[in-house]
Trainee: 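Before anything else, here's the structure in question.
So you know, we letter chains A, B, ... as the sequences are listed, proteins then strands, and number each from 1.
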2 protein chains.
Amino acid sequence: MVSVDAFAVLAEPTRRRILDRLRRSESSVGDLVDALGMSQPAVSKHLKVLREAGFVTCRTAAQQRIYRIDLRPLRAVDDWLGPYRRMWAAHLDALERHLDSQE
Amino acid sequence: MVSVDAFAVLAEPTRRRILDRLRRSESSVGDLVDALGMSQPAVSKHLKVLREAGFVTCRTAAQQRIYRIDLRPLRAVDDWLGPYRRMWAAHLDALERHLDSQE
DNA sequence: CGCTCATATGCCTATCAAGGAATACAGGCC
DNA sequence: GGCCTGTATTCCTTGATAGGCATATGAGCG
């Protein structure tokens with residue numbers, strides 16, 4: 001139940017593929033199994049990790065579970081990147097000023 | 001020599017701490033050992049991972065190695081986030097329009 | 001050249017995560 | 001209630017990795 005580190009969750013390429021797919025549309029487990037070409041248990045386990053870390057939510061529709069992305073953990077990652085982003089933005093500004101001064 | 005996945009590199013909390021520190025100023029290995037309260041070999045190993053993934057560069061200054069951050073891999077991570085960022089931006093826009101229509 | 005400081009590397013161990021196969025569980029349907 | 005479909009969970013094996021300790025390497029300096 002301990003909230004797992006968002007970066008650790010994203011470290012798994014398969015989980016990023018799942019998110020990339022859910023970004024376009026919500027999907028059932030079976031859809032994801034087809035799309036990923038992996039065993040159903042493997043997919044379910046990744047979904048469990050994603051669920052417990054808050055990256056996805058799921059609802060029950062008849063005998064299927066429909067998974068949907070939740071963006072909040074990704075925004076946390078984006079926030080962590082903030083200070084770094086400011087760094088390269090500053091560098092770009094400096095470059096721009098430099099180029100302007102060359103005119 | 002195989003370029004390791006940037007997300008896998010960032011999955012280690014200690015490595016993120018190293019980056020957070022190098023973001024403020026470049027440092028020698030000894031500086032980082034003091035700052036992190038970890039054994040020197042452990043720090044050197046994390047630096048090796050960061051180096052091979054391109055997150056840091058290092059130069060030799062006398063008997064020290066001075067490590068410096070390189071932002072490029074982080075920009076790659078930022079790029080991966082791009083489509084998701086557009087999603088929540090779109091949601092914010094929708095919310096804004098909704099609030100406007102409530103006036 | 002021997003010594004020392006700063007850093008890197010090797011070896012070892014413990015932990016953990018991923019994937020497969022088998023199985024359990026749950027919701028519809030007859 | 002029995003059966004089928006879809007999904008979750010358990011068990012097991014295997015590979016990767018972090019960290020400590022000991023040791024190697026390498027640059028300066030007497």
Trainee: Nearest-Å distance, CD (B:Q40) to C1' (C:dT9)?
Mentor: 10 Å
Trainee: Just how far, in rounded Å, is P of D:dA8 from CD of A:E52?
Mentor: 12 Å
Trainee: Using distance alone, with no hydrogens and no angle criterion, decide if A:Q64 and A:T60 have a side-chain donor and acceptor under 3.5 Å apart.
Mentor: no
Trainee: Which ones in residues 6-30 of chain A lie close to DNA chain D, meaning a heavy atom under 4.0 Å from one of its atoms?
Mentor: A:S28, A:V29, A:G30
Trainee: Hey, can you pull the residues of residues 56-66 of chain B with a non-hydrogen atom under 4.0 angstrom from DNA chain C?
Mentor: B:Q63, B:Q64, B:R65
Trainee: How close or far is atom P of C:dA22 from atom NZ of A:K45, stated in whole angstroms?
Mentor: 13 Å
Trainee: Provide, to the nearest angstrom, the distance between the NZ atom belonging to B:K48 and the P atom belonging to D:dT17.
Mentor: 12 Å
Trainee: Considering only NZ, NE, NH1 and NH2 on the basic side and carboxylate oxygens on the acidic side, decide whether A:R15 and A:D20 come within less than 4.0 Å.
Mentor: no
Trainee: Counting heavy atoms not belonging to B:R85, are there more than 12 under 6.0 Å from its CZ?
Mentor: yes
Trainee: With rounding to the nearest 0.5 Å, note down the distance linking OH in B:Y84 to CG in A:D78.
Mentor: 13.0 Å
Trainee: Would you call A:D5-B:R16 a salt bridge at under 4.0 Å N-O?
Mentor: yes
Trainee: B:S39 side chain N/O closer than 4.0 Å to the phosphate oxygens (OP1, OP2) of D:dG20?
Mentor: yes
Trainee: Is the closest side-chain heavy-atom distance between A:Y67 and A:S27 below 4.5 Å?
Mentor: no
Trainee: Can you figure out which of C:dC11, D:dA8, D:dA18 approaches the side chain of A:P41 most closely?
Mentor: D:dA8
Trainee: Answer yes or no: is there a side-chain heavy-atom contact under 4.5 Å between B:F55 and B:V49?
Mentor: no
Trainee: OP1 or OP2 of D:dG19 sitting under 4.0 Å from any side-chain N/O of B:H46?
Mentor: yes
Trainee: Between A:L36 (CG) and C:dG19 (C1'), how many Å, whole number?
Mentor: 14 Å
Trainee: So, is B:Y67 near the phosphate of C:dA6, with a side-chain N or O under 4.0 Å from OP1 or OP2?
Mentor: no
Trainee: Do you know which two heavy atoms are closest between A:L10 and A:V77, and how far apart they sit?
Mentor: CD1-CG2, 4.1 Å
Trainee: Going only through I, L, V, M, F, W and Y residues with side-chain contacts under 4.5 Å, is there a path from A:I66 to A:V56?
Mentor: no
